[in-house]
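Encoded as structure tokens, the structure appears first; notes follow it.
Positions are given from 1, in the same order as the sequence printed here.
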Amino acid sequence: MKDKIIWTFDLIEELARVPETYLKHIENTDGLFEIRVQQGSDIFRIFCFFDQGQLVVLANGFQKKTQKTPKQDIEKALKIKEEYENEKK
């Protein structure tokens, strides 16, 4: 799984336009995305956001076990994003 996650990071870094299969904007959020990694029946999601359009900042991740992304995981990622942005000021 680690190799698949690294492969996905490399893909995001190299492609100008990343398919939603691997990187998707989270609806109703201001710039929060989820990196989507699947190997067999194992599905992992890693929340991230961009700093000035270039740097991908990883927030938190989890193993997906249900169809819907848990709200508390989205809220945690948004809090990390907010803290990051406040510290940059």
Side-chain angles (χ1 to χ4, degrees):
M1 191 52 155
K2 177 183 167 188
D3 291 339
K4 181 75 179 232
I5 291 170
I6 292 169
W7 179 88
T8 305
F9 289 166
D10 290 341
L11 181 84
I12 292 168
E13 183 179 10
E14 293 171 12
L15 294 180
R17 188 171 178 108
V18 181
E20 276 195 4
T21 308
Y22 302 106
L23 182 68
K24 183 178 179 185
H25 180 257
I26 302 295
E27 292 180 13
N28 303 319
T29 67
D30 183 24
L32 187 65
F33 291 80
E34 76 176 355
I35 297 171
R36 310 167 106 197
V37 183
Q38 181 170 354
Q39 184 167 340
S41 62
D42 292 331
I43 302 170
F44 288 86
R45 299 291 189 250
I46 303 165
F47 291 111
C48 65
F49 52 93
F50 292 88
D51 183 350
Q52 300 177 355
Q54 294 295 318
L55 177 66
V56 176
V57 180
L58 304 179
N60 60 313
F62 63 97
Q63 184 172 7
K64 192 164 182 181
K65 296 182 180 185
T66 62
Q67 189 67 21
K68 193 166 178 156
T69 301
K71 187 174 181 166
Q72 69 267 20
D73 286 310
I74 294 173
E75 290 170 356
K76 181 177 182 180
L78 288 170
K79 184 176 183 202
I80 292 169
K81 182 178 184 287
E82 182 182 342
E83 289 172 359
Y84 176 87
E85 291 168 347
N86 287 338
E87 287 182 20
K88 282 198 65 173
K89 291 180 184 176

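- Of the residues Phe50, Phe49, Phe47, Tyr22, the one that meets the ring pair (Phe, Tyr, Trp, His ring centres under 6.0 Å) test with Phe33 is Phe50.
- Here Glu85 pairs with Lys81 under the side-chain hydrogen bond (donor to acceptor under 3.5 Å, both in side chains) rule; sequence neighbours left out.
- Other residues, nucleotides and ligands place more than 12 heavy atoms under 6.0 Å from the CG atom of Asn86.
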Intermediate values then yes/no, salt bridge (charged side-chain N to carboxylate O under 4.0 Å, His left out), Lys4 and Asp42: CA-CA 11 Å; Lys4 181 75 179 232; Asp42 292 331; over 6 Å; no

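- Under the side-chain contact (heavy atoms from CB on, under 4.5 Å) test applied with Glu34, the options Leu23, Ile74, Ile26 reduce to a single match, Ile26.
- If you take CD on Glu20 and CZ on Arg36, they are separated by 7.0 Å, rounding to the nearest 0.5 Å.
- Between Ile80 and Ala59, the closest heavy-atom pair is CD1-O, 3.7 Å.
- What you find for Leu11 and Val18 is that their closest heavy atoms are O-CG2, 4.4 Å.
- Sparse packing is recorded around CD of Glu13, with 12 or fewer heavy atoms of other residues, nucleotides or ligands lying under 6.0 Å away.
- Ile35 has its side chain within reach of Leu58: a pair of non-hydrogen atoms, C-beta onward, lies under 4.5 Å apart.
- Note that the CD atom of Glu75 and the CG atom of Asp73 stand 9.5 Å from one another [nearest 0.5 Å].
- In this structure, the side chain of Lys79 does not engage the main chain of Glu82 through any donor-acceptor pair within 3.5 Å.
- Judged purely by atom type and a 3.5 angstrom limit, Gln38 uses its side chain to pair as donor or acceptor with the backbone of Gly40.
- For the atom pair Met1 CE and Ile6 CD1, the distance stands at 12.0 Å (nearest 0.5 Å).
- Around the CG atom of Asp10, the shell of radius 6.0 Å holds more than 12 heavy atoms that belong to other residues, nucleotides or ligands.
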Steps toward side chain to side chain contact (heavy atoms under 4.5 Å, CB included) verdict (Ile43, Val37): CA-CA 6 Å; Ile43 302 170; Val37 183; over 6 Å; no

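- Counting heavy atoms from C-beta on, the side chains of Asp3 and Ile5 never come closer than 4.5 Å.
- The backbone N or O of Lys64 sits nowhere less than 3.5 Å from a side-chain atom of Arg45 that would complete a donor-acceptor pair.
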Steps toward side chain to side chain contact (heavy atoms under 4.5 Å, CB included) verdict (His25, Leu32): CA-CA 6 Å; His25 180 257; Leu32 187 65; 5.8 Å; no

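- Nearest heavy-atom pair, Phe44 versus Gln63, reported as atom, atom and distance to 0.1 Å: CE2-CB, 3.6 Å.
- In the hydrophobic clustering of this structure, Trp7 groups with Phe9; members are Ile, Leu, Val, Met, Phe, Trp, Tyr whose side-chain heavy atoms approach within less than 4.5 Å, directly or through other members.
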Derivation and outcome, side chain to side chain contact (heavy atoms under 4.5 Å, CB included), residues Ile46 and Thr8: CA-CA 11 Å; Ile46 303 165; Thr8 305; over 6 Å; no

